[in-house]
Protein chains: 2
Amino acid sequence: MNSQADALQAPGDSTENGAQQIRDALREAIVERRLSPGTKLSESDVGSLFNVSRTLARAALQALSYEGLVSVEKNRGAFVAYPSLDEARQIFAARRLVEPGILRSAAERITPAQLKHLRQLLIEEGRLMSERGQSARRAEIKASGDFHLMLASISGNLIMQRFMEELVARSSLVIALYGQSSASSCGHAEHGDIITALERKDIDTACHLMLHHIAHIEADLDLRERKSFGLKEAFER
Amino acid sequence: MNSQADALQAPGDSTENGAQQIRDALREAIVERRLSPGTKLSESDVGSLFNVSRTLARAALQALSYEGLVSVEKNRGAFVAYPSLDEARQIFAARRLVEPGILRSAAERITPAQLKHLRQLLIEEGRLMSERGQSARRAEIKASGDFHLMLASISGNLIMQRFMEELVARSSLVIALYGQSSASSCGHAEHGDIITALERKDIDTACHLMLHHIAHIEADLDLRERKSFGLKEAFER
DNA sequence: TAAAGTCAGATCGTATACAATTCTCTGCAT
DNA sequence: ATGCAGAGAATTGTATACGATCTGACTTTA
């Protein structure tokens, strides 16, 4: 199932196991939007939730803050990150900058088996789309990101892979905040088109489609400056 | 002087101050090669060196491990990272993938003042090259990286900027390990060429030069597989 | 003599304890 | 009623304590 969940663990990243598990659990909760941006994550609460001391909870929160999923404010605590409009734009700018290159690398190295695996991922994604219910929705969000992550994995560059993990995770936060269309199924078809181009070894088209795809996701966001209603306007009516 | 040292601090990164200072001090030492790859960094030693408890030392080491500058092995301790050949290649592959895009972004937004600033940086770099002594060597290493970092800063994308910081820092480790030419002055002239192209708004040439520049740095490395003499061969002769 | 077993020292993993800071609520003065 | 001040609670920052694991040397035994 989540075949890449393990593969994404950097091999040299053999820090202690306790904090890591908590970090992963929290990250999953954030990415799947069970935790909303801005939610306070107090060290004691996290600790008691996972039955560990504040020490480990704190370490996990610190780790997530390096990934940009949690923002810790000195002497105030940790919160699920609440990306600003600027951050949101920068996250997608980074993806536009990086993903074509990753795709190009991946296209050069991809094996038939990996192509098949990609197709399977796509099918799974489609299946989830047609299913209803909270848990299917969450799985769909994850699957949608996994497509991009799998490409990064195929590219064979662990560093870019880790970077993409960060970008995809943060994108999920941005979509949670600024997404408009209820259909989080952003561009399932486009994923398929990219795979098809990949099968044809048509790298340039694939890259072009990828850029288009990212733009498409971004277009579904409401990234306009909200001039934050001056309190009066917010309540009148 | 180090005008970008401050600018590079992510604004939201307001974690506690204690561990951060230690982390920065250690990073500087690693990047300037006062600490060699493989050096053991025990929590107690780091702590007593900075007159803090193991708690903070540990936090700093964890942070550096997220940046790839330190590798912590479970129950064994932390060491200055010792990038493998694969890692080294991936670091430079990532730079080739990312830097042209950053440069393009930077070229679109660069102001005359920033161009001037870049020129100044270049001059400073040249001055350090002609100076002798350990401390000048260290400053030169830093200055050489700062050129790339400054471009990332100009690009206006904090996320890419942070990523470049990581890549430049890790590059320094790779060069320390696999660099051949005693002249660490890798491509000072090329920096100048890129600036010149930038002044002419000749973005394509600038990108091309950048790629060439990175390739040039990489070419000065000895990234050949060393089949690590099987102990017997190492001594028979 | 060489291999295996054992023990002490060092180092890390985690929990707990105490200090410092921030937040909130109450009470008083204006 | 508003605004300020201060006490108390809650939360984070840092240090210390204790158990777990690894390492290396010494001893034992075949």
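Order of the sequence lines sets the chain letters (A, B, ...), proteins ahead of strands, with each chain counted from 1. Note that these values count all heavy atoms, side chains included, but never hydrogens, waters or copies made by symmetry.
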Side-chain N or O of B/Ser53 closer than 4.0 Å to phosphate OP1/OP2 of D/dA15: yes

DNA chain C-proximal residues of residues 34-52 of chain A, any heavy atom under 4.0 Å: A/Val52

Non-hydrogen side-chain atoms of B/Ser172 and B/Arg33 separated by less than 4.5 Å: yes

Length of the CG-C1' vector between B/Asn17 and C/dA20, whole Å: 14 Å

B/Arg27 and its side chain to side chain donor-acceptor pair (under 3.5 Å) partner, picked from B/Glu165, B/Glu67, B/Glu32: B/Glu67

ring-ring contact (aromatic ring centres under 6.0 Å, His included) partners of residues 155-176 of chain B, not counting sequence neighbours, each pair once: A/Phe163-B/Phe163

Heavy-atom side-chain contact between B/Leu69 and B/Val80 under 4.5 Å: no

Rounded interatomic separation in angstrom, taking CD from B/Gln62 and P from C/dT14: 10 Å

Would you tabulate the pairs of protein nitrogen or oxygen atoms and nucleotide nitrogen or oxygen atoms of nucleotides 21-23 of chain C closer than 3.5 angstrom?
from: C/dT21; atom 1: O3'; to: A/Asn75; atom 2: ND2; distance (Å): 3.3
from: C/dC23; atom 1: OP1; to: A/Arg76; atom 2: NE; distance (Å): 2.8

Short N-O contact, A/Arg127 and A/Glu131, less than 4.0 angstrom: yes

Ring geometry between A/Phe147 and A/His191 (parallel below 30°, tilted from 30 to 60°, perpendicular above 60°): parallel

Between D/dA10 (P) and A/Glu73 (CD): distance, integer Å: 21 Å

Reported CZ-to-CG distance for the pair A/Phe92 and A/Leu97, which is rounded to 0.5 angstrom: 14.5 Å

Side-chain ion pair, B/Glu218 and B/Arg95, N-O less than 4.0 Å: no

Rounded distance (Å) that lies between atom P of C/dC12 and atom CZ of B/Arg54: 7 Å

